[in-house]
Amino acid sequence: MWLLMALLAVALPQDAVDPKAYEWFQKGEELIGTDLEFSDRQAEYFEKAISHDPQFAAAHFNLVLIRTRQGKLQEALVHAEKLRDLEPDSARSHYLLAQVHYELGRVTPALEGLQTAVKLAPEDDKIWESLGHLFFEEGRFAEAANAFQKVIDLQPSAAPVHFNLALAQQRAGRLQEAVDHYQRYLQNAPEDLDALFFLAIALNELGEKEEAKGALLRAERINPDDPRLARELSRLFLEEGDAEAAGKRILGTSLEDADSLFQLAMAARRKGDDAEAARLLRRALIEAPTDAELWGYLGDVLFSLGQDQEAAQAFQKAVEFNPDDFDSLLNLGALLANYDQPAESRRALEEALRLQPDHALGHFHLAVVLERLGEPGPSMDHYLKALEGGLKNARAHFRLGILYARNGNRTEALRHLETALQMEPDKYLPIIEDELRNIHSDLDSVRYTREFSEMLARYSRRPAEPES
């Protein structure tokens with residue numbers, strides 16, 4: 001992450017340290033720029049200096065650099081801690097100790113060291129930049145963005161930092177600011193593929209689809225073989241309904257890549273070729289067998305092909321790998337109900353409604369299953385929630401009409417039956433007429449009322465039944 005500082009030729013008066021220590025120190029400094037820089041021999045000279053004067057800060061400083069470069073981090077740590085003790089008010093000592101901690105994988109003390117260093121030297125842009133990188137690596141994107149912004153405040157000409165700032169802002173959700181800094185960075189590096197790619201992602205998330213596509217096409221002209229560009233362009237073209245352009249991009253990438261196969265499947269489906277989409281999705285699942293999104297999408301495609309049992313199995317896989325996949329839970333519940341598995345269907349639908357409690361279609365499917373399980377009260381509650389949620393469904397009204405009639409609630413029974421007939425008279429009038437042929441009917445509480453007879457007369461040419 002950080003570059004090692006070059007060894008410094010520290011100009012010290014000879015009477016500032018032990019003369020013998022200074023002599024050894026000079027020998028080490030003389031090796032700077034030679035093949036022996038950062039060698040054990042150079043380290044030996046600085047260690048000799050320290051043996052004569054343990055408080056010789058410059059010798060400790062150079063030993064930290066040498067041992068870090070050599071990967072001898074425990075030795076580097078000893079000298080870095082000693083340097084910090086000798087120079088507690090020096091930013092460089094805390095910065096160097098932070099670097100050693102970072103190389104040892106100790107993030108917390110590395111951050112603490114950098115934060116101390118920046119307090120001691122608030123105008124040092126290099127320390128701010130290192131702090132930004134470490135915050136970013138730790139996922140603290142807002143703090144990383146603030147640190148990179150400080151670098152730019154101190155060094156307005158630091159063009160590469162605009163990219164780091166933009167990336168941190170993007171991860172922190174500050175998309176418009178990220179776009180601004182990507183564009184400023186691209187003024188100095190117009191052919192940087194990463195900058196163009198991430199700019200396009202940010203623009204897309206802001207809803208600026210055409211600008212996003214423009215950035216991707218610009219990047220594609222620079223490197224037409226970059227699979228990231230092909231995937232993102234294919235998504236944008238699919239959203240526009242241009243399956244041919246989408247497929248063209250994906251065909252240029254590795255067909256063994258699960259994401260590429262997924263995009264090809266989406267393109268095939270847009271063309272109406274569900275069989276090809278299913279084939280591609282199955283290939284993608286060989287590469288990514290635990291990808292819940294792929295399983296869910298395969299379930300949708302198989303359902304469209306009329307392969308309901310296979311679709312249910314795909315939705316079950318999707319839920320297995322992502323228990324919070326609402327769409328797969330909803331679809332699984334509906335399909336299991338059709339296969340006379342009401343208990344399993346109920347579990348899936350109740351779990352779906354736990355994730356989205358106000359989903360109207362989810363309440364409708366659960367109402368159907370509960371009625372089948374012989375629980376009319378809860379079933380009515382869910383039919384009503386479905387209608388309250390905005391679902392316009394004749395079956396929901398018809399079943400509520402039947403259930404209210406069973407309970408003897410004539411007013412609500414007639415209201416819902418009338419609504420069902422208004423919506424689908426050709427379907428529900430024959431069903432009501434068949435029901436009335438039964439000696440004991442679910443409609444007994446309303447069948448002999450004037451309101452019921454008049455209602456039937458409105459939707460049938462036969463005369464209304466006389467009132468008893």
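Side chains included, hydrogens not; waters and symmetry mates left out as well; all remaining heavy atoms used.
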[X]: partners by ring-ring contact (aromatic ring centres under 6.0 Å, His included), with sequence neighbours left out:
X: His359; value: Phe326
X: Tyr45; value: Trp24
X: Phe198; value: none

Aromatic centroids of Phe136 and Phe141 separated by under 6.0 Å:
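Yes, the ring of Phe141 comes within the 6.0 Å limit of the ring of Phe136, centre to centre.
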
Aromatic ring proximity, centroids under 6.0 angstrom, Phe148 and His181:
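Ring centroids of His181 and Phe148 are no less than 6.0 Å from each other.
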
Quick one: salt bridge (Lys or Arg N to Asp or Glu O under 4.0 Å) pairs with a partner in residues 76-86, sequence neighbours left out?
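Those involving residues 76-86 do not exist here.
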
List in chain and number order the residues that pass side-chain contact (heavy atoms from CB on, under 4.5 Å) with [X], two or more places apart in sequence or in another chain; answer none if no residue qualifies.
X: Asn146; answer: Arg174
X: Lys126; answer: Asp124, Glu129
X: Thr108; answer: Glu112

Compile the donor-acceptor pairs under 3.5 Å between side chains in residues 209-217 and protein atoms, sequence neighbours left out, one pair per line.
| from | atom 1 | to | atom 2 | distance (Å) |
| --- | --- | --- | --- | --- |
| Lys209 | NZ | Asn204 | OD1 | 2.6 |
| Lys209 | NZ | Glu239 | OE1 | 3.3 |
| Lys213 | NZ | Glu240 | OE1 | 3.3 |
| Lys213 | NZ | Glu240 | OE2 | 2.9 |

Can we say Lys385 and Glu388 salt-bridge, meaning some charged N sits less than 4.0 Å from an Asp/Glu carboxylate O?
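Salt bridge: no.
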
Do Arg228 and Glu232 meet the salt-bridge criterion of a basic N to acidic O distance under 4.0 Å?
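Salt bridge: no.
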
Contacts under 3.5 angstrom, residues 361-371 side chains, donor-acceptor by atom type, not counting sequence neighbours:
| from | atom 1 | to | atom 2 | distance (Å) |
| --- | --- | --- | --- | --- |
| His363 | ND1 | His382 | ND1 | 2.9 |
| His363 | NE2 | Pro357 | O | 2.7 |
| Glu371 | OE1 | Tyr383 | OH | 2.9 |
| Glu371 | OE1 | Arg399 | NE | 3.3 |
| Glu371 | OE2 | Arg399 | NE | 2.9 |
| Glu371 | OE2 | Arg399 | NH2 | 2.3 |

N/O donor to acceptor pairs below 3.5 angstrom from side-chain atoms of residues 296-308, sequence neighbours left out:
| from | atom 1 | to | atom 2 | distance (Å) |
| --- | --- | --- | --- | --- |
| Asp300 | OD1 | Asn331 | ND2 | 3.4 |
| Ser304 | OG | Arg269 | NH2 | 2.5 |
| Ser304 | OG | Asp300 | O | 3.1 |

Name all residues meeting the side-chain hydrogen bond (donor to acceptor under 3.5 Å, both in side chains) criterion together with Glu47; count only those two or more places apart in sequence or in a different chain, and write none if there are none.
Arg67

Excluding sequence neighbours, so at least two apart, what forms side-chain hydrogen bond (donor to acceptor under 3.5 Å, both in side chains) with Lys150?
none

